[in-house]
Amino acid sequence: MAVDVVTFGCRLNTYESEVMRREAEAAGLGELKNGAVIFNTCAVTAEAVRQAKQSIRKARRENPDARIIVTGCAAQTDPAAFTAMGEVDLVLGNEEKLQRHNYRALPDFGVNDTEKARVNDIMSVRETASHMVDAIEGRARAFVQVQNGCDHRCTFCIIPYGRGNSRSVPMGAVVEQIKRLTGNGYAEIVLTGVDMTSFGADLPGTPKLGKLVKTILTQVPDVQRLRLSSIDSIEADDDLLDAIATEKRLMPHLHLSLQSGDDMILKRMKRRHLRDDSIRFCADVRALRPDIVFGADIIAGFPTETEDMFANSEKIVEECGLTHLHVFPYSPREGTPAARMPQVSGRAIKERAARLRAAGEAAYRRHLDKLVGTNQSLLVERNGLGRTEGFTLAAIDGGQPGEILAATITGHDGARLTAAAAARRAA
């Protein structure tokens, strides 16, 4: 039986799941009579942890004799919670999950909690090794890790304690990984990390993300589309802005880690930007690249948030011209400073999250309206769906996953565009 990997959370987890699958199979887990299921968890919200535990219990009911391994950020930050689960055979930390020998030495059933937890101090990890993969299972685009960990300590965030301090993958290793994936037919590459705009601070010469982007586009001419995952706009460097303005293969879509539109809340979050910084950044980038599309993460109901403060988050959707909004109802994470702050009521959090989503949906619909009648280049994903260069979902007939098609946008249904493919593929 093959090793089954269940992935929660971010694109970095998706990339690492491919490494885990390879290492676990090489260690012999795929030869187990009843198979193995690995859960690569997320800890960004309490709901993400709850969903992981629910899935683990379901997997045990459906596969009573399979080996179940739990890893990822939730396992790293709270290993005791998973070792206490009778359904779980082994708990691995975020560093241990990438090492073959940890799967080869899978303990027998009935071990105690100390034996079945292999989670070391993630803060002691100083480097991020390059783990080459040939494909990302079930994906039309490939994710490539360029950075891991975070040196910042936002008051709401548990992730640095799951990922450790910031560390970068050397540029040469990133380029080689991308050459490998494009050679295997991937037309679009997505760069990913925990705090990607901090890339390079720990490398010789301290190259920044912009230099990495330009190096990739120069040294890997077969990359048709290069995309960035979430960035922190306050760290965007001049080379990155220049690449956005001049490199057409760098996709015109940026997902911003805004978190709030109110200055006082941003300070209490210990963010490094203010609302005017975000508005100015979006205006400046739009001047450089008029077709740019912005997404953003915003938290609703952060501790001490008043109605007036929340209204500033509502207004920033339009002021920044956001279209792809990720709304997170605030949930306290034990061990973070925000969990000790005066909390907003659950009812208010839910209501504000709904209002933010409504604002995001209205902005997204306006964005869809503007695209009707335009010609777009679509990367086909699956089941008749594709994505524009601006990462907008579109329904399209024809094409195979991973193909890039030229198409005309004929309409939309409020959730996705409808597109008619041209007679030939896009270049």
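As the structure is a computational prediction, the values presented were derived from the model and not from experiment.
Taking the ring axis of Phe391 as reference, the NZ or CZ atom of Arg11 stays within 45° of it and closer than 6.0 Å to the ring centre. Relative to the ring axis of Phe199, Lys208 does not place its NZ or CZ within 45° and under 6.0 Å from the centre. Cation-pi check for Arg153 over Tyr161 is met; the charged atom lies under 6.0 angstrom from the ring centroid and within 45 degrees of its normal.
Residues Thr408 and Asn375 have side chains that bring a donor and an acceptor to within less than 3.5 angstrom of each other. There is a side-chain donor-acceptor pair under 3.5 Å between Ser17 and Thr7. For the residue pair His367 / Thr392, a side-chain donor-acceptor distance below 3.5 Å is found, with atom types taken as modelled. Residues Asn40 and Thr71 have side chains that never bring a donor and an acceptor to within less than 3.5 angstrom of each other. When only modelled atom types and interatomic distance are considered, Ser331 and Thr45 share no side-chain donor-acceptor pair under 3.5 Å.
Leu256 places a side-chain heavy atom less than 4.5 Å from the side chain of Ile231. With a 4.5 Å cut-off on side-chain heavy atoms, Val49 and Asp78 do not count as touching. Ser260 is listed as a side-chain neighbour of Met269, based on a closest heavy-atom distance under 4.5 Å. Considering only heavy atoms from C-beta on, Val70 stays 4.5 Å or farther from Leu92 through its side chain.
Comment: Glu16 engages Arg163 in a salt bridge, judged by a side-chain N to carboxylate O separation of less than 4.0 angstrom. A salt bridge does not link Glu188 with Arg387: every distance from a Lys NZ or Arg NE/NH1/NH2 to an Asp or Glu carboxylate oxygen is 4.0 Å or more. The pair Arg272-Asp232 meets the salt-bridge criterion, since a charged nitrogen lies less than 4.0 angstrom from a carboxylate oxygen. Looking at Lys97 and Glu23, no side-chain N of the basic residue comes within less than 4.0 Å of a carboxylate O on the acidic one, giving no salt bridge. One finds a salt bridge joining Arg60 and Asp89 here, because a Lys/Arg side-chain nitrogen approaches an Asp/Glu carboxylate oxygen to under 4.0 Å. Taking a cutoff of 4.0 Å between a charged side-chain nitrogen and a carboxylate oxygen, Glu361 and Arg357 do not qualify as a salt bridge. By the 4.0 Å N-to-carboxylate-O rule, Glu305 lies close enough to Arg352 to be salt-bridged with it.
Counting non-hydrogen atoms of neighbouring residues, nucleotides and ligands closer than 6.0 angstrom, the NZ atom of Lys179 exceeds 12 such neighbours. At most 12 heavy atoms of other shown residues, nucleotides or ligands fall within 6.0 angstrom of atom CG in Asp238. Residue-environment remark: CG (Asp242) exceeds the threshold of 12 foreign heavy atoms within 6.0 Å.
Once rounded to the nearest 0.5 Å, the distance linking CG of Leu226 with CG of Leu250 reads 5.5 Å. Taken from CD in Gln145 to CD in Glu18, the straight-line distance is 13.5 Å, to the nearest 0.5 Å. Distance check: Lys248 NZ to Leu217 CG gives 13.0 Å after rounding to the nearest 0.5 Å. Here the CG atom belonging to Asn102 is positioned 9.5 Å from the CD atom belonging to Glu95, to the nearest 0.5 angstrom. Leu378 CG to Ile396 CD1: the interatomic distance, rounded to the nearest 0.5 Å, is 4.5 Å. One distance of note links CD of Gln259 with SG of Cys157; it measures 8.5 Å at 0.5 Å rounding.
Not a single salt bridge (charged side-chain N to carboxylate O under 4.0 Å, His left out) links Asp222 to another residue, sequence neighbours left out. Residues passing the ring pair (Phe, Tyr, Trp, His ring centres under 6.0 Å) test with His326, sequence neighbours excluded: His255.
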Tell me, with the steps shown, if Glu235 and Ser198 meet side chain to side chain donor-acceptor pair (under 3.5 Å).
CA-CA 7 Å; Glu235 290 183 319; Ser198 70; 5.1 Å; no
Thr418 vs Thr410, side chain to side chain donor-acceptor pair (under 3.5 Å): CA-CA, chis, key distance, verdict
CA-CA 6 Å; Thr418 52; Thr410 58; 3.1 Å; yes
Would Leu254 and Phe281 count as a side chain to side chain contact (heavy atoms under 4.5 Å, CB included) if you check the C-alpha gap in whole Å, the side-chain angles of each, and the deciding distance to 0.1 Å?
CA-CA 11 Å; Leu254 294 176; Phe281 176 82; 4.2 Å; yes
Is there a side chain to side chain donor-acceptor pair (under 3.5 Å) between Tyr103 and Glu96? Walk through the geometry before answering.
CA-CA 9 Å; Tyr103 297 101; Glu96 290 75 19; over 6 Å; no
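Between Lys211 and Pro207, the shortest heavy-atom contact is CD-CB, 3.9 Å. When all heavy atoms of Val119 and Gly93 are compared, the pair lying nearest together is CG2-N, 3.6 Å. Minimum interatomic distance between Arg141 and Val190 (heavy atoms only, all atoms of both residues): CD-CG2, 3.5 Å. Closest non-hydrogen pair, Thr192 versus Ser229, comes out as CA-OG, 3.3 Å. Across Ala187 and Ile404, no two heavy atoms sit closer than the pair CB-CD1, 3.7 Å.
The aromatic ring centres of Phe294 and His324 sit 6.0 Å or more apart.
Between the side chain of Thr206 and the main chain of Ala201, no donor-acceptor pair closer than 3.5 Å is present.
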